Amino acid sequence: MLCGGAPAARPATDETQRIAEQVKAQLEEKEGKTFDVFTAVEFKTQVVAGTNYFIKVHVGNEEFMHLRVFKSLPHENEQLSLHSYQASKTKHDELTYF
């Protein structure tokens, strides 16, 4: 984990999957649809005043989405928030800062 920068993508962990699942409803509301498949594949983190998680999620068929999830500092006691996302991604699209 680098302060300010995002390191190379790593395979998703159980924690990454839990984070993705916690913002799934936010994404479904923004997209206006539900996702039967929602599997975190890989992720990057960026330390800011909290942590940005960049997560590649498989959403079915050959479709992937890139999520940017913000986790505030522990003392702020805030919910995870879906900061932004990119749709229409493929398995081979690089996970980058956005």
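Values below: every heavy atom of this structure, side chains too, minus hydrogens, waters and symmetry copies. The structure displayed is predicted, hence computed values, not measured ones.
- The same ILVMFWY cluster, assembled from side-chain heavy atoms under 4.5 Å apart, contains both Leu27 and Phe43.
- Using cut-offs of 30° and 60° on the angle between ring planes, the pair Phe98 and Phe54 is perpendicular.
- When all heavy atoms of Ala12 and Ala40 are compared, the closest pair comes out as CB-O, 3.4 Å.
- The salt bridge (charged side-chain N to carboxylate O under 4.0 Å, His left out) pairs that include a residue from residues 33-42 are Glu42-Lys56, where partners are two or more places apart or lie in different chains.
- Lys24 NZ: more than 12 foreign heavy atoms inside a 6.0 Å radius.
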Without placing hydrogens or testing angles, list every side-chain donor-acceptor pair under 3.5 Å for residues 72-88, not counting sequence neighbours.
| residue | atom | partner | partner atom | Å |
| --- | --- | --- | --- | --- |
| Glu76 | OE1 | Leu73 | N | 3.4 |
| Tyr85 | OH | Glu31 | OE2 | 2.7 |

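- Note that CD of Glu29 is 13.0 Å distant from OG1 of Thr34, once rounded to the nearest 0.5 Å.
- Under the side chain to side chain donor-acceptor pair (under 3.5 Å) criterion, Glu21 pairs with Gln17, not counting sequence neighbours.
- Glu63 pairs by the salt bridge (Lys or Arg N to Asp or Glu O under 4.0 Å) definition with nothing, not counting sequence neighbours.
- The structure places CZ of Arg68 at 11.5 Å from CG of Leu95, a figure rounded to the nearest 0.5 Å.
- The same ILVMFWY cluster, assembled from side-chain heavy atoms under 4.5 Å apart, contains both Ile19 and Val57.
- The list of salt bridge (charged side-chain N to carboxylate O under 4.0 Å, His left out) pairs with a residue in residues 80-98, not counting sequence neighbours, is empty.
- Glu28 CD to Lys30 NZ: the interatomic distance, rounded to the nearest 0.5 Å, is 13.0 Å.
- One hydrophobic cluster, built from ILVMFWY side chains closer than 4.5 Å, holds both Val59 and Tyr53.
- For Thr39, the side chain to side chain donor-acceptor pair (under 3.5 Å) criterion is met by no residue, not counting sequence neighbours.
- No side-chain heavy atom of Arg10 sits under 4.5 Å from any side-chain heavy atom of Thr16.
- Once rounded to the nearest 0.5 Å, the distance linking OH of Tyr97 with CG of Asn52 reads 6.5 Å.
- Ile55 and Phe35 fall within the same hydrophobic cluster, where Ile, Leu, Val, Met, Phe, Trp and Tyr residues are linked whenever their side-chain heavy atoms come under 4.5 Å apart, directly or through other members.
- Both Phe38 and Val23 are members of a single hydrophobic cluster when ILVMFWY side chains are connected at heavy-atom separations under 4.5 Å.
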